[in-house]
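Structure, as structure tokens:
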Amino acid sequence: SSFRGLSLDSAQSRFAYSNKAWDIPRFHLVRPGGDAYVDFNASDETGAFSFIIDSHLDPAGLRPLLPEKQQPLLDEAAFSKTDPPIIHAEIRGFWHEPEKLAVNARLAATNFTAHGETADGLEATVEYTNLLVRLRDTRLFKDGGELAVPFAEMDWTAKKISLSNVVSTLDKNIAIRLLGSQAPEWLRVIGFDTPPAIQAGGSFVLNDPRAADLHFVVSGRNFRYTKLLAGTASGEVRWTGQTVALTNIQAGLYDGTLQGAGVFDHDPKTGTKFRGRVFLAGIQLPLLMQGWGAKSNRVEGVLEGHVFITD
């Protein structure tokens with residue numbers, strides 16, 4: 001059987017049609033891997049419709065229920081066929097006026113894929129209206145880490161995403177893979193062997209790193225920058241367009257400490273340059289030289305001082 005192009009194993013409900021209006025309560029839909037209950041109302045006269053859905057189905061199978069222009073929303077993620085997400089959704093709009101579509105949904109999912117990245121779990125409230133997608137109380141779990149996003153908004157037309165009060169313990173290499181060739185060079189040359197704790201907020205535009213305006217507070221262990229290794233590191237990062245400013249940098253390395261600030265400037269023609277200043281105390285030279293690959297074992301002493309790096 002089928003309903004508005006939605007293929008079903010079985011469907012059961014009572015219905016009423018009066019004054020050019022449909023009323024289908026507790027429509028029970030069964031498809032491979034799950035089922036759903038749908039309350040459906042629609043007016044043939046005005047084109048208005050509403051769905052209230054309690055689903056344990058793969059959302060991709062619900063594509064025919066959405067207006068054509070909103071159907072690509074379902075391509076943003078692929079869910080498990082054997083354990084589909086649990087969704088409660090309220091959808092309202094007009095069949096011939098897709099710009100008036102309004103969606104409010106809560107979902108919980110395990111083992112899904114988005115933009116080529118797999119995740120262990122996801123919880124989120126999704127709102128869609130006026131071509132804006134809003135996420136509230138989102139939590140994503142992957143490889144023992146977690147991303148918590150209290151609020152995010154995406155302008156579907158401008159491809160602009162705004163975030164606030166984000167907290168993450170995920171591997172930052174996920175961001176590099178998602179950005180692909182658009183990932184900035186500075187993000188590739190710094191990193192943590194152990195996923196750091198990150199707080200973030202701001203906005204960015206998909207496929208345009210030059211439009212980024214993001215602020216991060218980062219702390220973690222096993223930090224790397226070129227050949228420099230630090231057991232602990234923390235600091236603040238402000239990413240604005242082609243410039244990344246690092247402030248309040250503090251690190252424990254080679255039995256000593258480092259404090260400082262710096263700026264990465266990216267030029268498409270000349271590459272990424274770094275300038276800044278650091279203050280060193282108690283750095284053990286034998287450990288430093290060993291970390292930088294020096295073969296001599298005769299270096300002794302402690303490094304103290306200020307280092308200024310210019311273009």
Side-chain angles (χ1 to χ4, degrees), residues 1-81 83-109 112 114 122-138 151-162 206:
S1 60
S2 66
F3 173 72
R4 288 190 174 272
L6 177 66
S7 298
L8 305 168
D9 288 348
S10 66
Q12 182 177 0
S13 180
R14 61 183 178 85
F15 70 92
Y17 182 76
S18 176
N19 297 321
K20 298 183 179 181
W22 290 94
D23 179 18
I24 306 178
R26 302 305 290 169
F27 189 11
H28 187 207
L29 314 176
V30 179
R31 286 172 52 85
D35 66 345
Y37 286 91
V38 179
D39 291 304
F40 173 70
N41 292 276
S43 170
D44 288 341
E45 186 172 40
T46 65
F49 67 86
S50 69
F51 294 93
I52 299 177
I53 302 172
D54 288 293
S55 171
H56 193 215
L57 291 172
D58 183 356
L62 303 179
R63 178 182 294 269
L65 299 183
L66 293 180
E68 185 176 355
K69 289 187 177 180
Q70 273 68 46
Q71 291 179 5
L73 288 169
L74 297 175
D75 297 329
E76 295 299 310
F79 296 91
S80 170
K81 302 296 184 182
D83 186 17
I86 298 173
I87 300 174
H88 174 80
E90 299 180 10
I91 305 171
R92 292 177 171 83
F94 295 83
W95 294 119
H96 303 296
E97 298 178 84
E99 69 278 2
K100 294 184 178 181
L101 180 71
V103 178
N104 189 303
R106 181 68 185 172
L107 68 87
F112 75 98
L122 172 68
E123 302 171 358
T125 295
V126 182
E127 301 171 0
Y128 176 86
T129 184
N130 298 322
L131 299 180
L132 292 177
V133 178
R134 295 183 178 91
L135 299 179
R136 300 184 188 275
D137 302 322
T138 301
F151 178 79
E153 180 178 87
M154 178 175 180
D155 184 326
W156 196 254
T157 301
K159 301 296 183 183
K160 181 178 180 179
I161 297 177
S162 301
L206 295 176

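Not measured: the values here are computed from a predicted model. Residues: numbered from 1 along the sequence shown.
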> Listed by chain and number, what are the side chain to side chain contact (heavy atoms under 4.5 Å, CB included) partners of A158, not counting sequence neighbours?
Replying inline: D155, K160

> What pairs with R136 under side chain to side chain contact (heavy atoms under 4.5 Å, CB included), at least two apart in sequence or on another chain?
Replying inline: T125, E127, R134, F151

>> Using ring centroids (six-membered ring only for Trp), state whether W22 and F40 fall under 6.0 Å.
In response: no

>> Using the ring centroid of each side chain, check whether F15 and Y17 are separated by less than 6.0 Å.
In response: no

> Counting only heavy atoms not in E97, do more than 12 fall under 6.0 Å of its CD?
Replying inline: yes

>> Looking at every heavy atom in both F112 and L122, which two are closest together, and how far apart are they?
In response: CE2-CB, 3.3 Å

> Which heavy atom in A109 sits nearest to a heavy atom in P85, and how many Å separate them?
Replying inline: CB-CB, 3.6 Å

Working to the nearest 0.5 Å, report the span between [atom1] of [X] and [atom2] of [Y].
X    : Y    : atom1 : atom2 : result
Q12  : H28  : CD    : NE2   : 8.0 Å
Y37  : F27  : OH    : CZ    : 12.0 Å
L135 : Y128 : CG    : OH    : 13.5 Å
R92  : I52  : CZ    : CD1   : 5.5 Å
D35  : L29  : CG    : CG    : 8.5 Å

> With sequence neighbours left out, what residues match E123 under side-chain hydrogen bond (donor to acceptor under 3.5 Å, both in side chains)?
Replying inline: none

>> Using side-chain contact (heavy atoms from CB on, under 4.5 Å), reason through L57 and F79 one step at a time and then give a plain yes or no.
In response: CA-CA 9 Å; L57 291 172; F79 296 91; over 6 Å; no

> So do N19 and E45 actually touch side chain to side chain, heavy atoms under 4.5 Å?
Replying inline: no

> Are V38 and I24 close enough, and set up right, to give a side-chain contact (heavy atoms from CB on, under 4.5 Å), and what steps lead you there?
Replying inline: CA-CA 8 Å; V38 179; I24 306 178; over 6 Å; no

> Is the side chain of H56 donor-acceptor paired with the backbone N or O of P84 at a distance under 3.5 Å, no angle test?
Replying inline: yes

>> Treating D137 as the side-chain partner and A124 as the backbone partner, does any N or O pair qualify as donor plus acceptor under 3.5 Å?
In response: no

> Going through the distances and angles, do I87 and I53 end up as a side-chain contact (heavy atoms from CB on, under 4.5 Å)?
Replying inline: CA-CA 7 Å; I87 300 174; I53 302 172; 5.8 Å; no

> Where do D39 and E90 land on the side-chain contact (heavy atoms from CB on, under 4.5 Å) test, with the steps shown first?
Replying inline: CA-CA 9 Å; D39 291 304; E90 299 180 10; over 6 Å; no

